[in-house]
Amino acid sequence: IDNNQAMFETEDTSLITRLIEGNFPDYKAIIPKDIDTEITVNRGELINAIKLASAFANRTNDIKLKTKDKKILEIYSSDSAVGENTYLIPAKISGVASEAVFNWKFLLDGVRAGSTKETLLGMSGDEHPTLIKDPGDNSYFYILMPIKSA
């Protein structure tokens, strides 16, 4: 152990860490404080829908999430070479109608990281970060910025 680094060693592994100088970014500034639309959906169904939509996503890996009524979440993707896909999932939706385009890989990472049967998506349109978390659990959250659509 030194002032700015430490080494951990076992028989076959060495791990060296180093303290980086500087200030950690103010992450609290990007956490959404006001959410226009809350979507609660079965985590397994959403994971399957994202995986299916990924097969039809274009080169930029984007898929669109859109609320339909107050009970359906639509996942849409298309590619001129492959075709298009629309997947509808039952959901509990409160707030205003919303839609946004996301990179499916980053969206899948955020949804998979949860630990409960359901996941909550807090959306505020296509220009503000989306909050992904387990309903009723504030110990973990994932923030995902939508892709600007042309």
If you take all heavy atoms of [X] and [Y], which pair is closest and at what distance?
X    : Y    : answer
D126 : P146 : O-CB, 3.6 Å
E99  : M123 : C-CE, 4.0 Å
P129 : I30  : CG-O, 3.8 Å
P90  : V41  : O-CG2, 3.6 Å
I47  : R112 : CD1-CG, 3.9 Å
Y140 : K133 : O-CB, 3.5 Å

Rounded distance (nearest 0.5 Å) linking atom [atom1] of [X] with atom [atom2] of [Y]:
X    : Y    : atom1 : atom2 : answer
L88  : L73  : CG    : CG    : 8.5 Å
I72  : K92  : CD1   : NZ    : 13.5 Å
I147 : N61  : CD1   : CG    : 8.0 Å
L108 : K105 : CG    : NZ    : 10.5 Å
L52  : N85  : CG    : CG    : 4.5 Å
L120 : I39  : CG    : CD1   : 8.5 Å

Determine whether a donor-acceptor pair (N or O, by modelled atom type, separation under 3.5 Å) exists between the side chain of [X] and the backbone of [Y].
X    : Y    : answer
T67  : S98  : yes
D62  : V101 : no
N42  : G44  : yes
Y142 : F106 : yes

Check: [Y] and [X] side chains under 4.5 Å, non-hydrogen atoms:
X    : Y    : answer
T130 : L65  : no
I50  : V111 : yes
I63  : S54  : no
L46  : L107 : no
D79  : F56  : no

Who pairs with E74 by salt bridge (Lys or Arg N to Asp or Glu O under 4.0 Å), at least two apart in sequence or on another chain?
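Per chain and number, E74 pairs via salt bridge (Lys or Arg N to Asp or Glu O under 4.0 Å) with K68.
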With T10, which residues qualify under side chain to side chain contact (heavy atoms under 4.5 Å, CB included), at least two apart?
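Listed in chain order: D12, T13.
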Counting only heavy atoms from other residues, nucleotides and ligands, does the tally under 6.0 Å from CD1 of I20 exceed 12?
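It does not: I20 CD1 has 12 such atoms or fewer within range.
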Heavy atoms from other residues, nucleotides or ligands near NZ of K70 exceed 12 (cutoff 6.0 Å)
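More than 12 heavy atoms, drawn from other residues, nucleotides or ligands, come within 6.0 Å of this atom.
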Among I16, D2, L15, the one residue meeting side chain to side chain contact (heavy atoms under 4.5 Å, CB included) with M7:
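Among I16, D2, L15, the one meeting side chain to side chain contact (heavy atoms under 4.5 Å, CB included) with M7 is I16.
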So which pairs with a foot in residues 19-40 pass side-chain hydrogen bond (donor to acceptor under 3.5 Å, both in side chains), sequence neighbours left out?
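Found none.
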Do W104 and M145 sit in one hydrophobic cluster, given that two such residues count as connected whenever their side-chain heavy atoms are within less than 4.5 Å of each other, even indirectly?
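No, separate clusters.
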